[in-house]
Structure formats: C-alpha cells, structure tokens
There are 2 protein chains.
Amino acid sequence: MLFSTKAEYGVRLMVELGRQPGSAPISLNAVAEAERLPLSYLEHLVAKLRKAGLVTSTRGAHGGYRLARPADEITMDAVVEALEGQIAPMECFHETPEGKVLCSHEDDGDRSCSTKLLWTRVQGGVTKALAGTTLAELVEFSSPGGRSEAAIASAA
Amino acid sequence: MLFSTKAEYGVRLMVELGRQPGSAPISLNAVAEAERLPLSYLEHLVAKLRKAGLVTSTRGAHGGYRLARPADEITMDAVVEALEGQIAPMECFHETPEGKVLCSHEDDGDRSCSTKLLWTRVQGGVTKALAGTTLAELVEFSSPGGRSEAAIASAA
DNA sequence: GCATAACCGACCACTCCAGTAGGATTTAGG
DNA sequence: CCTAAATCCTACTGGAGTGGTCGGTTATGC
C-alpha cells in the first residue's frame, strides 16, 4: 500500500466537513458515525489536520471542526502530507528547502544514483495527482447527484 | 515512504544486471559488493524477481543471474510490483482481473466512495511513471556518459 | 571432490500502524 | 453554578511489516 488508513480516514473526514456548507462546526462524533470510523482514532488524525492549518476547531458543547478554507482552495497534497508526513517515494530521497531533489547515495562522492530518475518520475506523478485534486472535487464527486465515473480519468 | 528498500535494492540489482551486456551470468556476490548491499538480503529480493520471470538463474560455480529479457523490454512497473506486491494506493483499493477498479466501501450498498476519485488518480500517476520507464533508461542514466539531469523531467 | 554459487526456510530486533484508554480543559445551555 | 458535550493530550498495546541474519541444502564448473 502506498498510503495507510491515516490518509484514507483523514480524507474522508475532510470530505465530510466539506459536505456541510453551513457555518456551524461539526463534531467528530458526527463524522465518526457517518463514516463508521472509530472516534478515538479520528482524534489523532484531526489533530494533525488542525496543526497543518487545514481545519479550525471550537471547543466545548456544540463545538466541532470546520474547514479553515473553502473546499476549492484545499488541494489534496496538503491534506495527505499533513496526515502521512512528507511524501517521498524512498528513504534515500530528500528534498532541500530550495526544492532541489537529493538522493543520499549521491553526495558521498559516488556515481550518480541509478534509481534517482525513476523515483523522481514517481514522485512527480503522485504529487501531480494530489496537487491537481481539490477537496471540492471529492465533495462533488461523492454527493448523490455527483459527477460520473468519467471524471475519474481526468487528472489535469 | 511510498516504497521500502525492497524496491530500492531490487531496482539497483536490476540496473547492475543490465549494465553488463555480456552473456555471462553475474553472481549476487558481485552485485552486493558493487552496490554495497547485504548479500543475504539480496537473495530474498532476487528470488521474487526470478519468480516474476524478470531474471533467470544458473546454479553452481560461475553461476549467477541474467536479465530474462533485453533491458529495453523491461518496464519498471513489473519490477516494482514483483518486489513490493500489488501497487495500490490504499487498502480498500482492489483491482479485478478484468482491470476494473473497485473500492471495498462501495460494494456494500453504500453511496459511492468519496475518496475513489483521488486514489484512482494517484494510482494512475504512479503506474504511468513506472510503466513509462524502462530498465534500459536507468542503465543509460547511471552510466558515466549517461544522459543529463534534464532527462529526469520527461515522463512521457 | 572441492570451492562456488544459487536456493530455502527459520528466526529476530525494530518500527510503524491502528486503535484503546483515561483524563484534563473548555463551553453552551438550563 | 452545574452538567453534558465536546475538544485536547499523553500513554499504552497488539499485530504486522521491515530489514536483515543464519544455517543448511542442492547444483555445477574446474
């Protein structure tokens, strides 16, 4: 598996929040029941989403969570990265702050890493798919009158 | 990490085999020393590659491994899949023998899975990158007079 | 027949995953 | 003010997968 259930559950959580357009916050309990997911586990996930600035919370009775931004301004690379950590295809694969790609097998004077080409392409494919999908799309897709399956293919 | 070192080591192994154009088999020991990888661990990996029909082996003294096909006829999706198992972005993501994508959250009468759109796109991006890269490319890229870094970007 | 190699299976330490548990804190409503 | 509802926080745990190691068996060239 490329991703664990953290991403799976977390994305579902975000979709659930995006489904309600009202300004009232939604309790985790409501999300847990709607998606049939364990509440106590969702707590861990939503904490990551909050720390990443993707959702806001209001405490106390009638509290809950809201999207921090409109759903069409939330791309899924931010969501998945908040939940799973940095998305790299491989352990040896690091990204410098300037966005340059490094492989730890290169900088020790060795010949250039034979697998770098492959992992770079893979990462490109994943990030393009994630960054090219907004939460709004998922909300629309999952709603009863949502778009057809044909929409799945289009990644651009 | 999307992939473990099994894919990393296994791909290196394949590149090493592809580097020698001679017909003589290459011993695992030679590969292990060239790439500084533990021999006994490589044994497990090469077994998977052999079972997948990607390499052939000859036993006994002066034995070793060869690519089962020319390097430009080996695409990396087969290699990675042999090493890591079926490449699915998510546990709930199954592919039927006919190539149809199923999500286990759909077939129990539920509404269509809200995350299917996303994971389908991600998988598409990954498989496109893997299937669009041949072993021959990696061999050429890693050789001393190999192609420039500019080649990394091109995924088509 | 001996060194060299592929093969095979058992084992092991470690880490991460998925989830539970228990409590502390905050807040709306009565 | 009290209480129920909710977020928040930390610690713990069983299980699975990772990244190896080890010992032994079989096959083969010299």
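Nothing here was measured: the structure is a model prediction, and the numbers come from that model. Just so you know, these numbers use all the heavy atoms, side chains as well, and skip hydrogens, waters and symmetry mates. By convention in this document, chain letters (A, B, ...) are assigned in the order of the sequence lines, proteins followed by strands, and residues within each chain are numbered from 1.
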Next on the checklist: For residues M1(A) and W119(B): do they belong to one hydrophobic cluster (side chain heavy atoms under 4.5 Å, members Ile, Leu, Val, Met, Phe, Trp, Tyr)?
Outcome noted: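 In one cluster: no.
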
Next on the checklist: Under 4.0 Å, heavy atoms only, any strand: does S40(B) hit a base, just the sugar-phosphate, or nothing?
Outcome noted: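 Base contact.
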
Checklist entry - Contact class for F3(A) vs. all strands (heavy atom < 4.0 Å): base, sugar-phosphate, or nothing? => result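 No contact.
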
Checklist entry - Under 3.5 Å, is there a donor-acceptor pair between the N29(B) and S27(B) side chains? => result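 Note: N29(B) and S27(B) side chains miss the donor-acceptor criterion.
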
Next on the checklist: Any residue in residues 42-53 of chain A with a heavy atom nearer than 4.0 angstrom to DNA chain D? Just list them by number, or reply none.
Outcome noted: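 When residues 42-53 of chain A is checked for heavy atoms under 4.0 Å from DNA chain D, the hits, listed by number, are E43(A), H44(A), R50(A).
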
Take the protein atom [atom1] of [X] and the nucleotide atom [atom2] of [N], then report the distance between them rounded to whole Å.
X: E91(A); N: dG17(D); atom1: CD; atom2: P; value: 19 Å
X: N29(B); N: dA3(C); atom1: CG; atom2: C1'; value: 13 Å
X: R12(B); N: dG19(D); atom1: CZ; atom2: P; value: 14 Å
X: Y41(A); N: dA21(C); atom1: OH; atom2: C1'; value: 16 Å
X: M1(B); N: dC16(C); atom1: CE; atom2: P; value: 10 Å
X: L2(A); N: dC16(C); atom1: CG; atom2: C1'; value: 16 Å
X: L39(B); N: dG23(D); atom1: CG; atom2: P; value: 14 Å

Checklist entry - Is there a donor-acceptor contact under 3.5 Å from the side chain of Q123(B) to the main chain of I87(B)? => result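 Answer holds: yes.
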
Checklist entry - Does T133(B) reach the main-chain N or O of L130(B) with its side chain, forming a donor-acceptor pair under 3.5 Å? => result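 Between the backbone of L130(B) and the side chain of T133(B) there is no qualifying donor-acceptor contact (under 3.5 Å).
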
Item to check | Where A68(B) and T56(B) come nearest, the two heavy atoms and their spacing | outcome: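 Heavy atoms only, the tightest pair is CB-CG2, 3.9 Å.
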
Item to check | Phosphate OP1/OP2 of dA6(C) contacted by T58(B) side-chain N/O (<4.0 Å) | outcome: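 No, outside the criterion.
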
Closest to the [X] side chain: [options]?
X: R59(B); options: dA3(C), dT7(D), dC7(C); answer: dC7(C)
X: S57(B); options: dA6(C), dT27(C), dG20(D); answer: dA6(C)
X: K6(B); options: dT18(D), dA6(C), dT7(D); answer: dT18(D)
X: Y65(A); options: dC8(D), dT28(D), dA28(C); answer: dC8(D)
X: H62(A); options: dG20(D), dA28(C), dT4(C); answer: dA28(C)

Checklist entry - Do R12(B) and E35(B) sit within salt-bridge range, that is, some charged N less than 4.0 Å from a carboxylate O? => result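 Yes, this pair counts.
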
Next on the checklist: Salt bridge or not between K48(B) and E43(B)? Use side-chain N to carboxylate O under 4.0 Å.
Outcome noted: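 A salt bridge is absent here (no side-chain N lies under 4.0 Å from a carboxylate O).
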
Next on the checklist: Quick one, E73(A) and T134(A) - any side-chain contact, counting heavy atoms below 4.5 Å?
Outcome noted: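 Of all side-chain heavy-atom pairs linking T134(A) with E73(A), none is under 4.5 Å.
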
Checklist entry - Is the number of heavy atoms from other residues, nucleotides or ligands within 6.0 Å of CD (Q20(B)) greater than 12? => result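 Atom CD in Q20(B) is packed in, count exceeds 12.
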
Next on the checklist: Under 3.5 Å for both pairing distances: what stems, at least three Watson-Crick or G-U pairs long, include DNA chain D?
Outcome noted: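 Detected stem regions: C:1-30 with D:1-30.
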
